[in-house]
Amino acid sequence: MEQLLHLILTHPHSIMFMKVVLTSFFWIAGVFGIFNFKTIVQEMIDAKLPRPAMFAVATILCQLVGSALLITDLWDMAWLGAGTLGVFTVLCIPIAHPFWKFEGEKGMYEFQIALEHITVVGGLMIAAAISLIY
């Protein structure tokens with residue numbers, strides 16, 4: 001059984017599938033942003049970021065390019081894609097989910113999102129490490 005699991009989990013197609021699943025939140029959001037750019041700009045306005053259109057473009061590019069690098073390992077840069085998405089995800093916590101500014105249900109909701117972000121960063125860290133091994 002262990003040999004079968006090893007074979008499945010280390011097969012190139014399985015690894016590609018895992019990368020697609022891990023990055024799905026990012027590339028789906030990036031594609032959504034392309035077709036709903038005004039919505040992404042409004043999110044930047046709501047977060048009180050300067051030059052919201054510029055931040056919207058940067059967000060979409062980060063999501064799509066980071067995902068593409070991690071999935072394809074183009075130029076052996078999967079680690080950079082994972083790192084880019086990880087830094088982006090960590091920065092989203094104080095910018096978009098500052099749970100410490102809220103009380104009650106809103107604070108708990110934002111805290112849960114922050115914990116989810118941290119969990120995703122952990123997965124991205126593992127992906128970066130594995131990309132350097134395989």
Side-chain angles (χ1 to χ4, degrees):
M1 183 64 149
E2 185 178 332
Q3 289 176 343
L4 177 62
L5 271 175
H6 183 270
L7 180 65
I8 292 170
L9 293 175
T10 59
H11 191 277
H13 292 117
S14 295
I15 292 171
M16 178 68 71
F17 176 74
M18 289 180 243
K19 291 177 179 182
V20 169
V21 171
L22 177 62
T23 60
S24 63
F25 175 80
F26 299 103
W27 58 261
I28 290 170
V31 170
F32 174 86
I34 290 172
F35 294 103
N36 299 279
F37 188 70
K38 289 180 182 179
T39 301
I40 306 305
V41 171
Q42 186 59 52
E43 288 179 359
M44 303 304 143
I45 292 168
D46 294 344
K48 298 178 177 44
L49 292 172
R51 301 175 66 179
M54 181 192 73
F55 272 97
V57 169
T59 294
I60 293 166
L61 284 174
C62 180
Q63 292 168 329
L64 294 176
V65 173
S67 295
L69 283 175
L70 178 53
I71 291 168
T72 65
D73 197 18
L74 189 64
W75 304 303
D76 293 326
M77 295 287 203
W79 63 269
L80 181 61
T84 300
L85 294 174
V87 169
F88 170 80
T89 303
V90 168
L91 290 175
C92 285
I93 294 171
I95 293 170
H97 306 289
F99 59 88
W100 54 90
K101 292 183 179 180
F102 304 101
E103 293 183 20
E105 286 185 34
K106 176 70 172 166
M108 184 55 69
Y109 174 77
E110 296 296 340
F111 180 67
Q112 289 172 340
I113 291 175
L115 289 177
E116 290 171 2
H117 279 52
I118 291 167
T119 301
V120 169
V121 170
L124 291 165
M125 291 167 68
I126 292 169
I130 289 173
S131 77
L132 295 173
I133 295 169
Y134 287 99

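In what follows, residues are counted from 1 in the order of the sequence shown.
For the pair P52 and V41, the tightest heavy-atom approach, listed with the atom from each and the gap, is CB-O, 3.8 Å. For the residue pair P98 and A96, the shortest heavy atom distance occurs at CD-C, 3.4 Å. Here the closest heavy-atom approach between residue A82 and residue L124 is recorded as CB-O, 3.5 Å.
The cationic atom of K106 (NZ for Lys, CZ for Arg) does not lie both less than 6.0 Å from the six-membered ring centre of Y109 and within 45° of the ring axis.
A distance of 10.0 Å separates CD of E43 from CG of N36, quoted to the nearest 0.5 Å. Atom CE of residue M44 and atom OG1 of residue T39 lie 11.0 Å apart, to the nearest 0.5 angstrom. Residue C92 holds its SG atom at 5.0 Å from NE2 of H117, rounded to the nearest 0.5 Å. M108 contributes atom CE, which lies 12.0 Å from atom CD of E103 (distance to the nearest 0.5 angstrom).
Side-chain atoms of V120 and L85, non-hydrogen and from C-beta on, never get closer than 4.5 Å to each other. Inter-residue side-chain proximity for I93 and I113 is flagged as unmet; no heavy-atom pair is nearer than 4.5 Å.
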Atom pairs and distances, donor-acceptor, side-chain atoms in residues 66-80, under 3.5 Å, two or more places apart:
{"unit_1": "S67", "atom_1": "OG", "unit_2": "Q63", "atom_2": "O", "d": "2.7"}
{"unit_1": "T72", "atom_1": "OG1", "unit_2": "A68", "atom_2": "O", "d": "2.7"}
{"unit_1": "T72", "atom_1": "OG1", "unit_2": "L74", "atom_2": "N", "d": "3.2"}
{"unit_1": "D73", "atom_1": "OD1", "unit_2": "M77", "atom_2": "N", "d": "3.2"}
{"unit_1": "D73", "atom_1": "OD1", "unit_2": "A78", "atom_2": "N", "d": "2.9"}
{"unit_1": "W79", "atom_1": "NE1", "unit_2": "D76", "atom_2": "O", "d": "3.1"}

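Residues that satisfy the side chain to side chain donor-acceptor pair (under 3.5 Å) test with D46, not counting sequence neighbours, are Q42. With sequence neighbours excluded, the residues that form a ring-ring contact (aromatic ring centres under 6.0 Å, His included) with H13 are H11. In this structure, the side-chain contact (heavy atoms from CB on, under 4.5 Å) partners of M18, at least two apart in sequence or on a different chain, are L9, S14, I15. Residues satisfying the ring-ring contact (aromatic ring centres under 6.0 Å, His included) criterion with F111, sequence neighbours excluded, are F99.
Hydrophobic clustering places I40 together with L49 (ILVMFWY residues linked when any side-chain heavy atoms are closer than 4.5 Å, directly or through intermediates). Linking ILVMFWY residues whenever their side-chain heavy atoms come closer than 4.5 Å, directly or via other members, leaves I95 and V121 in distinct clusters. When the side chains of ILVMFWY residues are joined at heavy-atom separations under 4.5 Å, either directly or via intervening members, V65 and I28 end up in two distinct hydrophobic clusters. Transitive grouping of hydrophobic side chains (ILVMFWY, heavy atoms separated by less than 4.5 Å) keeps L22 and M125 in distinct clusters.
Enclosure of atom CE in M54 by more than 12 non-hydrogen atoms of other residues, nucleotides or ligands within 6.0 angstrom is indicated.
Applying the ring-ring contact (aromatic ring centres under 6.0 Å, His included) test to every pair with at least one member in residues 14-50, sequence neighbours left out, gives no pairs at all.
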